[in-house]
> 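Pasting a structure here, questions to come.
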Amino acid sequence: QVQLVESGGGLVQAGGSLRLSCAASGSIFSINAMGWYRQAPGKQRELVATITSSGSTRYDDSVKGRFTISRDNGKSTVLLQMNSLKPEDTGVYYCNARIRTTVSVERNYWGQGTQVTVSS
């Protein structure tokens, strides 16, 4: 059994900062890419940022220069530092990880989501 547990969401004023954290636990052989997605009310879930096991990162254009994704492989944790937050960043943020539970079994796992609300 694998779990992704997120923390760090909340309410912040525009221009403020938040840091999201996601820890993977359970029967894990290895973790490939990890990332963050978000879903605003009435919209589809969208990619925010991803990071590979070697540290290569990718960001949605809307967050480039404001958000930073990082990971601690030793702790199976991925972080998202969000600065200069805007009201349009509001949504439920989901952690995602591509995890091998055995040498031959790999699948995507999702966290339960954490709410981020940015007031204007």
Side-chain angles (χ1 to χ4, degrees):
Q1 193 79 353
V2 172
Q3 277 192 316
L4 298 181
V5 179
E6 300 132 334
S7 60
L11 172 64
V12 65
Q13 288 189 330
S17 298
L18 284 174
R19 190 171 86 155
L20 304 183
S21 177
C22 171
S25 63
S27 181
I28 297 172
F29 179 77
S30 65
I31 303 177
N32 195 350
M34 303 184 82
W36 291 94
Y37 292 70
R38 66 186 177 193
Q39 187 166 18
K43 295 188 177 181
Q44 289 191 334
R45 192 173 298 187
E46 63 179 8
L47 170 73
V48 176
T50 61
I51 184 167
T52 67
S53 56
S54 59
S56 296
T57 58
R58 181 163 67 105
Y59 297 92
D60 183 76
D61 286 345
S62 66
V63 307
K64 282 181 181 176
R66 300 188 297 122
F67 291 11
T68 302
I69 189 170
S70 61
R71 65 189 281 176
D72 182 335
N73 290 329
K75 296 181 180 180
S76 300
T77 299
V78 62
L79 305 174
L80 185 68
Q81 178 66 43
M82 304 185 293
N83 298 328
S84 302
L85 282 160
K86 305 175 181 180
E88 51 264 43
D89 294 318
T90 293
V92 179
Y93 282 68
Y94 296 91
C95 174
N96 173 272
R98 188 78 180 169
I99 294 175
R100 287 186 184 272
T101 51
T102 71
V103 68
S104 59
V105 177
E106 182 181 62
R107 54 158 283 197
N108 273 323
Y109 289 86
W110 292 91
Q112 80 283 359
T114 185
Q115 177 70 44
V116 171
T117 303
V118 185
S119 63
S120 57

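Hydrogens, waters and symmetry mates are skipped; everything else that's a heavy atom, side chains included, is used.
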> Find the distance between CZ (Arg100) and CD1 (Ile28) and round it off to the nearest 0.5 Å.
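Output value for this atom pair is 13.5 Å.
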> At what distance, to the nearest 0.5 angstrom, does CH2 of Trp36 lie from CG of Leu20?
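So the CH2 of Trp36 and the CG of Leu20 are separated by 4.5 Å.
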> Go through the steps to decide whether Arg38 and Asp89 satisfy the test side-chain contact (heavy atoms from CB on, under 4.5 Å), and finish with yes or no.
CA-CA 9 Å; Arg38 66 186 177 193; Asp89 294 318; 2.9 Å; yes
> Within this structure, what is the CD-SG distance for the pair Glu6 and Cys22, rounded to the nearest 0.5 Å?
5.0 Å
> Counting C-beta onward and ignoring hydrogens, is there a side-chain heavy-atom pair between Thr117 and Gln115 closer than 4.5 Å?
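When only atoms from C-beta onward are counted, Gln115 and Thr117 do touch, with a gap below 4.5 Å.
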> Parallel, tilted or perpendicular, judged at 30° and 60°: which one describes the rings of Tyr37 and Trp110?
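Because their plane-to-plane angle is over 60°, the rings of Tyr37 and Trp110 count as perpendicular.
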> Arg66 side chain to Ser84 main-chain N or O, any donor-acceptor pair under 3.5 Å?
yes
> Only counting residues at least two apart or in another chain, list the ones meeting salt bridge (charged side-chain N to carboxylate O under 4.0 Å, His left out) with Lys64.
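Lys64: salt bridge (charged side-chain N to carboxylate O under 4.0 Å, His left out) contacts with Asp61.
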> Indicate, with yes or no, if Val78 and Phe67 share a hydrophobic cluster defined by side-chain heavy-atom contacts under 4.5 Å among Ile, Leu, Val, Met, Phe, Trp and Tyr.
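In one cluster: yes.
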> Which atoms form the tightest heavy-atom contact between Thr101 and Ser27, and what is the distance?
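Closest approach of Thr101 to Ser27, heavy atoms only: CG2-O, 3.3 Å.
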> So which heavy atom on Gln39 is nearest to which on Lys43, and how close?
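Smallest heavy-atom distance, with atoms named: NE2-O, 3.1 Å.
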> Hey, does the side chain of Thr90 reach the backbone of Val118 with a donor-acceptor pair shorter than 3.5 angstrom?
yes
> Taking only residues two or more places apart in sequence or in another chain, which ones pass side chain to side chain contact (heavy atoms under 4.5 Å, CB included) with Ser54?
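Applying side chain to side chain contact (heavy atoms under 4.5 Å, CB included) to Ser54 gives Thr52, Ser56.
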> Nearest 0.5 Å, please: how far is CZ in Arg19 from CE in Met82?
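Separation between the atoms: 11.0 Å.
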> Can Leu85 be reached from Tyr94 by stepping across I, L, V, M, F, W or Y side chains whose heavy atoms are under 4.5 Å apart?
no
> Taking all non-hydrogen atoms of both residues, which atom of Gly113 and which atom of Val92 are closest, and how far apart?
CA-CG1, 3.8 Å
> To the nearest 0.5 Å, what is the distance between CZ (Arg98) and CZ (Arg107)?
9.0 Å
> Are Val2 and Met34 co-members of a hydrophobic cluster defined by side-chain heavy atoms under 4.5 Å apart?
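Met34 and Val2: one cluster.
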> Is there a side-chain contact between Tyr93 and Thr114 in this structure, where contact means two heavy atoms from C-beta onward sitting under 4.5 Å apart?
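Result yes, sub-4.5 Å side-chain heavy-atom pair found.
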> Tell me whether Val12 is reachable from Leu79 by hopping between hydrophobic residues (I, L, V, M, F, W, Y) whose side-chain heavy atoms are closer than 4.5 Å.
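In one cluster: no.
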> Sub-3.5 Å donor-acceptor pair from the side chain of Gln3 to the main-chain atoms of Gly26, do we have one?
no
> For residues Pro87 and Ala14, report the shortest heavy-atom separation together with the two atoms involved.
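That closest heavy-atom pairing would be CD-CB, 4.1 Å.
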> Shortest non-hydrogen contact from Ile99 to Ala24?
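In this case the closest contact between Ile99 and Ala24 is CD1-CB, 4.3 Å.
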> Can you measure from CD1 (Ile31) to CD (Glu106) and round to the nearest 0.5 angstrom?
11.0 Å
> Is a donor on one side and an acceptor on the other found under 3.5 Å between the side chain of Tyr59 and the backbone of Ile69?
yes
